[in-house]
Amino acid sequence: MRNLISLADLRPEQLARIVARAVEFGRGDVQDRPLAGRQVGVYFRKSSTRTRTSFWSGATRLGADVITFGPDELQLTTGETVEDTSRVLGQYLDALVVRTNGDVEEMRRLGTSPDLAVVNALSLDEHPTQAIADLTTLTEHFGELAGRHLLVVGEGNSSGAALALAGALTPELRVTLLCPEGYEVPKTTLDLVDELSGGHHQVARITDPAGVQGPVDAIYTSRWQTMGVPKADPDWLAAFEGFRIDRDFFDRHGGPHTVFLHDLPAVRGQEVTDEILDGEHSLAWRQAHHKMTAAMAVLEWCVVGLRD
Ligand SMILES: NC(=O)NCCC[C@H](N)C(=O)O
């Protein structure tokens with residue numbers, strides 16, 4: 001059993017292998033049921049449309065049985081420790097897919113049972129399986145990531161942090177994080193990017209849209225209020241002026257072959273216009289499909305290992 005709690009735990013070749021497997025699943029390449037007889041728990045403390053359903057559906061397609069837990073259904077809510085929960089659930093389950101209000105460190109405590117593979121399906125600070133779905137979408141579309149330039153626009157939230165770490169593990173991919181001042185990817189994540197890559201990466205951080213060195217190959221955005229939670233500053237919207245992905249932004253920083261990605265859910269008209277989200281350059285809906293192929297590749301890697 002192997003956890004997938006942070007992309008920082010993966011070696012570059014492991015990430016590449018998981019993405020390649022997800023691309024295979026995207027071609028409908030599921031010959032057998034590698035998780036037959038396995039039990040996968042899905043424990044979500046926060047709302048989810050894509051991640052919970054895609055893990056559930058993906059696990060079932062791989063032959064596993066799935067049990068789901070709502071936010072208040074485990075004794076964690078009544079004070080049982082995270083470690084004790086892990087020790088017990090490890091005796092029933094092979095994997096536990098978790099979305100919490102906590103950080104990666106809390107998830108690591110849940111991942112202490114050697115018999116239970118814990119998968120981070122979004123923590124406060126990172127969304128690793130989203131980044132795997134994103135790299136899968138880009139790899140499927142472009143054939144390879146080498147030489148491509150991904151522009152990540154908006155709040156430096158859990159998806160942005162995961163993409164920064166993905167950039168550290170994929171030095172052949174250029175990743176520019178364009179986040180408004182005060183809403184950037186945390187410095188701890190950027191330090192981790194340096195550490196993981198030994199300084200050999202193409203992850204850059206800017207706060208002014210005029211600083212984008214385009215045309216880029218992919219423009220990615222995410223809703224501005226992470227998990228729909230209102231921001232503390234009543235004037236926060238002012239900081240995001242110029243960050244909406246509309247036709248003008250797309251034409252200024254993209255080209256005829258540039259694609260658009262969004263982790264969804266979208267707040268239409270805010271971080272992206274309908275024209276772009278539904279337009280011919282949008283891969284956002286295919287990207288949503290790859291939530292499932294990524295989930296399948298991650299579960300297979302965690303529980304039985306990927307075959308070469
Ligand atoms: N695709 C997803 O997993 N969406 C969940 C929300 C992620 C998004 N960045 C948000 O925090 O709003």
Side-chain angles (χ1 to χ4, degrees), residues 1-10 35 37-60 62 64-133 157-159 161-162 165 186 188-189 192 223 225-230 232 263-265 291-292 294-304:
M1 300 295 163
R2 289 185 283 203
N3 295 331
L4 202 157
I5 291 177
S6 168
L7 290 185
D9 302 335
L10 294 179
L35 298 193
R38 305 289 185 156
Q39 315 293 324
V40 174
V42 178
Y43 172 46
F44 274 52
R45 296 186 59 97
K46 299 167 91 168
S47 51
S48 172
T49 296
R50 276 147 288 274
T51 312
R52 190 170 76 114
T53 313
S54 60
F55 265 100
W56 187 338
S57 178
T60 306
L62 294 179
D65 295 314
V66 178
I67 177 167
T68 66
F69 312 100
D72 303 320
E73 286 176 3
L74 295 177
Q75 299 286 9
L76 275 168
T77 326
T78 60
E80 186 165 25
T81 70
V82 171
E83 289 83 353
D84 289 352
T85 304
S86 172
R87 192 167 172 176
V88 172
L89 290 183
Q91 299 181 60
Y92 317 139
L93 301 173
D94 296 285
L96 185 66
V97 180
V98 188
R99 174 170 286 191
T100 73
N101 298 304
D103 58 12
V104 156
E105 288 317 313
E106 183 196 68
M107 215 166 285
R108 289 198 193 290
R109 292 195 284 125
L110 195 54
T112 46
S113 166
D115 301 317
L116 184 69
V118 168
V119 176
N120 178 356
L122 190 147
S123 56
L124 271 185
D125 42 1
E126 198 184 326
H127 199 356
T129 63
Q130 179 65 51
I132 291 170
N157 63 16
S158 50
S159 297
L165 294 174
T188 45
T189 305
L192 203 49
R223 67 182 160 179
Q225 306 237 55
T226 296
M227 291 310 286
V229 176
D263 59 359
L264 303 174
K291 296 280 294 181
M292 187 172 68
M296 292 164 75
V298 165
L299 284 173
E300 193 184 12
W301 184 81
C302 287
V303 176
V304 291

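In what follows, residues are counted from 1 in the order of the sequence shown. On a predicted model such as this, the values are computed, not experimentally measured, just so you know.
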Any idea which heavy atoms bring [X] and [Y] closest together, and the distance?
| X | Y | answer |
| --- | --- | --- |
| V66 | A59 | CG2-CB, 3.7 Å |
| W301 | R2 | O-NH2, 3.0 Å |
| T85 | T81 | OG1-O, 2.7 Å |
| R45 | T100 | CB-CA, 4.2 Å |
| S6 | E126 | OG-OE1, 2.7 Å |
| L7 | A131 | CD1-CB, 3.9 Å |

Using side chain to side chain donor-acceptor pair (under 3.5 Å) as the criterion, list what pairs up with [X], not counting sequence neighbours.
| X | answer |
| --- | --- |
| R52 | none |
| T188 | none |
| S47 | none |
| S123 | N120, D125 |

By side chain to side chain contact (heavy atoms under 4.5 Å, CB included), which residues pair with [X], not counting sequence neighbours?
| X | value |
| --- | --- |
| S113 | S86, D115, L116 |
| I67 | F69, L93 |
| A295 | F55 |
| R87 | none |

> Do any pairs count as a salt bridge (Lys or Arg N to Asp or Glu O under 4.0 Å) and have a residue in residues 74-83, sequence neighbours left out, and if so which ones?
Replying inline: E83-R109

Contact between [X] and [Y] at the side-chain level, heavy atoms closer than 4.5 Å - yes or no?
| X | Y | value |
| --- | --- | --- |
| V118 | M107 | yes |
| P265 | R223 | yes |
| L62 | R38 | no |
| V298 | I132 | yes |
| L96 | V119 | no |
| L76 | Y43 | yes |
| H127 | T129 | yes |

How long is the straight-line distance from [atom2] of [Y] back to [atom1] of [X], given to the nearest 0.5 Å?
| X | Y | atom1 | atom2 | answer |
| --- | --- | --- | --- | --- |
| T68 | E73 | OG1 | CD | 7.0 Å |
| D94 | Q39 | CG | CD | 6.5 Å |
| L264 | T49 | CG | OG1 | 9.5 Å |
| L299 | M296 | CG | CE | 9.0 Å |
| D84 | L110 | CG | CG | 11.5 Å |
| D65 | T60 | CG | OG1 | 8.0 Å |

> Strictly by modelled atom types, are K291 and T51 linked by a side-chain donor-acceptor pair under 3.5 Å?
Replying inline: yes

So, the side chain of [X] versus the backbone of [Y]: is there a donor-acceptor pair under 3.5 Å, distance only?
| X | Y | answer |
| --- | --- | --- |
| D103 | L124 | no |
| N3 | G111 | yes |
| S57 | T53 | no |

> salt bridge (Lys or Arg N to Asp or Glu O under 4.0 Å) with R108: which residues, sequence neighbours excluded?
Replying inline: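 For R108, the residues satisfying salt bridge (Lys or Arg N to Asp or Glu O under 4.0 Å) (neighbours in sequence not counted) are D9, E105.
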
>> Quick one, L122 with Q130, criterion side chain to side chain contact (heavy atoms under 4.5 Å, CB included). Give me CA distance, side-chain angles, the key distance, then yes/no.
In response: CA-CA 8 Å; L122 190 147; Q130 179 65 51; over 6 Å; no

